[in-house]
Asks: 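I have a structure here, written as structure tokens, and I will follow up with some questions on it.
So that the names make sense, note that chain A is the first sequence line, chain B the second, and so on, each numbered from 1. For the numbers below, each heavy atom of this structure counts, side chains included, while hydrogens, waters and symmetry mates do not. As the structure is a computational prediction, the values presented were derived from the model and not from experiment.
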Amino acid sequence: MAALAHVVPLTSVDGVYTYRVPDEMAAEAVPGARVLVPFGRRQITGVVAERVDGGTDGLKPLHDVLDARPALPPDLLALTRWVAEYYLCAWGEAVKAALPSGTEVESRRVARALAPPDAWDEKRGRAILRALHERNGTGLPVAALAEVLNRKTVPQNLLRRMEAAGVLEVEHEVQDASVTAKTARHLRLGDGAEDAEVRGAKQRALLDWLAEAGEVVLQAEALAATGASSSTVKSLETHGLVEAFDAEVERRADGMDVEAVPPAAPLDLHPAQTAALEAIVGAIQTARAETFLLHGVTGSGKTEVYLRALREALDRGKSAIVLVPEIALTPQTVRRFRAHFGDRVAVLHSRMSPGERLDAWTRIRDGVYPIVIGPRSAVFAPVGDLGLVVVDEEHEASYKQFDPAPRYHARDVAVMRAYRAGAVCVLGSATPSMETVANANAEKYTRLEMPERVPVRGPDGTTRQPAPLPPVRVIDLTRERQIRRLKGALSHDLREAITARLAKGEQTILLQNRRGYAPVLTCDDCGWTPACRDCAVSLTVHKASHNLRCHYCGRAERIPRPCPSCGSPALALLGSGTQRVEEEIEEVFPEARVLRMDLDTTSRKGAHRKILDRFGRGDADVLLGTQMVAKGLDFPRVTLVGVVEADTGMLLPDFRAAERTFQLLAQVAGRAGRHDLPGEVLLQTRNPEHPALQFALRHDFHGFALGELGERMALGYPPYGRLVGVEVKGPHEGSTFALADRWGAALRTEAGRVAGVEVLGPVPAFVGRVKRWWRVHLLVKAPRSLPASVLASLVRTAEGRVKTPSGHRVNLDVDPVGLY
DNA sequence: TGCCAGTTCTTG
DNA sequence: AAGAACTGGCAA
Ligand SMILES: [Zn+2]
Ligand SMILES: [Zn+2]
């Protein structure tokens, strides 16, 4: 019997592999520790899943242990396993999602020349030697040699002969992690430095400064402050007056390194807030694993409830995770948390460099930061002793990951993580998802309602009463057109409403959820329309960059002058994107200052922020943009919100289309008339009777949810059914459909064994080709009563019976979000 | 016969 | 995913 370790390799290869644990690694190769293991003919990173005793027959030894402290605490390791099983991916893929990226260690085959190029008397061999000589210090990865010879495969045979002849060597070389901890020189006063006599002024200054600063300081900082140099340090060091040493430093993301402002004196909580807080605190105090739906309208003070619940968790020595959609993770948001919890808060966000992310992650694991705020991936933050998980805006689709696997929903992982940790989970939203509402209805979650807006404190410290929810008016575009009042995208009434705001110096937000100038260009004479070469979509006309662009692959083309199909000059622009609406506003209201906010104006770093700041300062009268305008801040001078085309997205082939439309309309409507200025919302539509719109105009979430849940139940869709999406991709139409057909047959065979399971498709994806990949979808549908694990193993069995030809891909997507 | 592209198989 | 072995077409 010997010490063995079951190891999860960090690749998409599924399975756990067993290794012998050499004695010197026995203490560190514990569950959760990352290890370097031989895997096939290379070395890769894995994570120890379990230690066991057993025979070593045919087992390879661990090569190395990469962590002095396990990277993953046991609860997280177990969580990744649940994620892999639930979301149908390899365990290693789930573990990767929980670890900071770039820290993997792997081996590569690297070749080096041992002789000059003319030592080989054949053309290909000389070309290889020449290429190797160019990079003989580092060597060249063997995989790169195919390209050197302009071939698709590496000439293994030739390499072996050359190696045997001694003109080159090929070795498996372990590549260090691309991201590592950073160290820097630190200084500390030595013993007896206080009353030491030194001659140099610089030396004196440095010692005084160190005495003043106390304890340990960065050498760079001390030198900059005193004008001393590293030789000053050296000579002081030789006399034992200072100690210099290397220590780890934390790289911090500038954008989020906001100063902690002292929290404003707490406002008295509104009764609904008090009730919600008491319920949450009660659960934290008794360490009850309870999940709450905190349903609070915009402005009802959800964040204040989060802050106080976090305080409670922290006071009990627990840690907490706050998930926030990436777009809402602004300095303002961070400042609010920092104001209360100072540097006990770590912020994770997508703009961090890999080094910053690693440093934050390490410190979270070591307990330096008991509160973690971040987007989707922060659900895996390695905090210990979890007491509370908050998921703000829990309905946000951005919590669902698509690529790469695991295709997890952070809200659902959060609920599961909290449950397993015996922690409290709070799901907050003004427009909760149907899934969460159904769970609350079924009393799996405790429902907390905050139906009223609460008073807010102005910058001057005074409190102001909130505005009531604004009245919403629907404008029927079909009718407007019939009575010939419609010229352009903005109706007569919307134009009048904008005019009135301009006259009063108030602001307007306009939502047009479509970027570009015109979604379609078409020939009036022959009907020709430009389509993307690589995707099955028409190209959008962009006026700012003056070209045609594909919104799926980014491809740009010139706008054709006469129709390339028939030569007619009559090319018409159909529909309006944000650019065209902007142009219309500038024409109709030449005096208005307009800010356009969409993917095209916010792609540069910080541009998003800048636009919102300018609008907030009153530098513009109109903020026009795509859905991102719905998620901005609270702008007190906005009294009009106009939705140019409420129909965008409403009619997409997605069973959640109505839900998403309602959420967007409710969210944007909530932007009008906060504080003491009453607001107004105008919705332009060609479907005035659509329930999403009808309920949004009455601010009636419960009415909408009731109807929508009824539909879902009738159709067996989530939250009353389970779905697994199967996305089949391939380079040719025929082969992709053929593969999808085989999947359909395999799934139907398996579905036939379980009552209630249905297979839909294969059907071409909504966009049937993207970036040259044909895409075909299948959907497996089962009643909620069927355990997820049964459905999962059904799909896994089918998967085992269909082999994927090379060049094709099949992605399994449990609880898919978006178009299927 | 050897090269090459494409495919299949294995990883402890 | 990556490396290696295998297969079959084809040029010399
Ligand atoms: Zn034409
Ligand atoms: Zn395209």
Asks: Just call it for A:Val16: base, sugar-phosphate, or nothing, with non-hydrogen atoms closer than 4.0 Å on any strand.
Replies: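 Touches a base.
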Asks: Would you say B:dC4 has OP1 or OP2 under 4.0 Å from some side-chain N or O of A:Lys152?
Replies: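 No, no such contact exists.
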Asks: For A:Leu62 and B:dG12, give me the distance from atom CG to atom P, rounded to whole Å.
Replies: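 Going from CG in A:Leu62 over to P in B:dG12 covers 12 Å.
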Asks: Using atom OH of A:Tyr19 as one end and atom C1' of B:dG12 as the other, report the distance to the nearest whole Å.
Replies: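 It works out to 5 Å between those atoms.
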Asks: Where the side chain of A:Asn157 is concerned, which of B:dG12, C:dA4, B:dC3 is the nearest nucleotide?
Replies: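 So the side chain of A:Asn157 is nearest to B:dC3.
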Asks: So does A:Ser806 get a side-chain nitrogen or oxygen closer than 4.0 Å to the phosphate oxygens (OP1/OP2) of B:dG6?
Replies: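 Looking at the OP1 and OP2 atoms of B:dG6, neither is under 4.0 Å from any side-chain N or O of A:Ser806.
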Asks: Quick check on the 6.0 Å ring-centre criterion: do A:Phe39 and A:Tyr19 meet it?
Replies: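 No; A:Tyr19 has its ring centre 6.0 Å or more from that of A:Phe39.
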Asks: Which listed nucleotide (C:dA4, B:dG12, C:dA2) is nearest to the side chain of A:Arg41?
Replies: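 Looking only at side-chain atoms, A:Arg41 lies closest to C:dA4.
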Asks: Select from A:Thr804 and A:Asn150 the residue whose nearest nucleotide in DNA chain B is closer to the 5' end of that strand.
Replies: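 Going by which nucleotide is closer to the 5' end, it is A:Asn150.
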Asks: Applying side-chain hydrogen bond (donor to acceptor under 3.5 Å, both in side chains) between A:Glu173 and each of A:Arg109, A:Arg108, A:Gln43, A:Arg112, report the one that passes.
Replies: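 Exactly one candidate clears the test, A:Arg112.
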Asks: With a non-hydrogen cut-off below 4.0 angstrom, is A:Pro38 in contact with a base, only sugar-phosphate, or nothing?
Replies: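 Sugar-phosphate: the residue A:Pro38, judged by heavy atoms under 4.0 Å, touches backbone atoms but no base.
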Asks: How many Å lie between CD on A:Gln43 and P on B:dG12, as a whole number?
Replies: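 A:Gln43 atom CD is separated from B:dG12 atom P by 10 Å.
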Asks: Compare the minimum distances between each of B:dC3, C:dA4, B:dG12 and the side chain of A:Arg109, then state the nucleotide with the smallest one.
Replies: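 Nearest nucleotide to the side chain: C:dA4.
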Asks: Please give, in whole Å, the distance from C:dA2 C1' to A:Gln156 CD?
Replies: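 Answer to the nearest Å: 11 Å.
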Asks: Whole-Å distance between B:dC4 P and A:Leu159 CG?
Replies: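 So the CG-P distance, A:Leu159 to B:dC4, works out to 11 Å.
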Asks: Determine whether a donor-acceptor pair (N or O, by modelled atom type, separation under 3.5 Å) exists between the side chain of A:Asp654 and the backbone of A:Arg656.
Replies: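 Present.
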Asks: Would you say B:dC4 has OP1 or OP2 under 4.0 Å from some side-chain N or O of A:Thr153?
Replies: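 For B:dC4, OP1/OP2 do not have a side-chain N/O of A:Thr153 under 4.0 Å.
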Asks: Mapping A:Gly58 and A:Pro805 to their closest nucleotides on DNA chain B, which lands nearer the 5' end?
Replies: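 The residue whose closest nucleotide sits nearer the 5' end is A:Pro805.
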Asks: Counting only side-chain heavy atoms from C-beta out, which of C:dA4, B:dC4, B:dG12 sits nearest to A:Pro155?
Replies: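 Shortest atom-to-atom distance from the side chain points to B:dC4.
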Asks: Both A:Arg160 and A:Arg42 contact DNA chain C. Taking the nearest nucleotide for each, which residue is further toward the 5' end?
Replies: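 Nearest nucleotide further toward 5': that of A:Arg42.
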Asks: Does the pair A:Arg124/A:Glu122 count as a salt bridge with the N-to-O cut at 4.0 Å?
Replies: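 Salt bridge flag = yes for A:Glu122 with A:Arg124.
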Asks: Any side-chain to backbone donor/acceptor pair from A:Asp359 onto A:Arg251? Under 3.5 Å, distance only.
Replies: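 Yes, because the side chain of A:Asp359 sits within donor-acceptor range (under 3.5 Å) of the backbone of A:Arg251.
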Asks: Counting heavy atoms from C-beta on, name the nucleotide in B:dG12, C:dA1, B:dT7 closest to the side chain of A:Val13.
Replies: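 Taking heavy atoms from C-beta onward, the closest nucleotide is C:dA1.
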Asks: Considering only side-chain heavy atoms of A:Ser12, which listed nucleotide, B:dG6, B:dT7, C:dA1, is closest?
Replies: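 Nucleotide nearest to A:Ser12's side chain: C:dA1.
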Asks: Which listed nucleotide (B:dG12, B:dC4, B:dA5) is nearest to the side chain of A:Arg124?
Replies: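 In terms of side-chain proximity for A:Arg124, the closest of B:dG12, B:dC4, B:dA5 is B:dC4.
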Asks: Taking CG from A:Asp14 and P from B:dT10, how many angstroms apart are they, rounded to a whole number?
Replies: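 Between P of B:dT10 and CG of A:Asp14: 17 Å.
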Asks: Take atom CZ of A:Arg151 and atom P of C:dC10, then tell me their distance rounded to the nearest Å.
Replies: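 Distance check: A:Arg151 CZ to C:dC10 P gives 17 Å.
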Asks: Would you compute the distance between atom CZ of A:Arg161 and atom CD of A:Glu163 and round it to the nearest 0.5 angstrom?
Replies: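 A:Arg161 CZ to A:Glu163 CD: 13.0 Å, rounded to 0.5 Å.
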Asks: For A:Glu93 and C:dA2, give me the distance from atom CD to atom P, rounded to whole Å.
Replies: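 For the pair A:Glu93 CD and C:dA2 P, the rounded distance is 13 Å.
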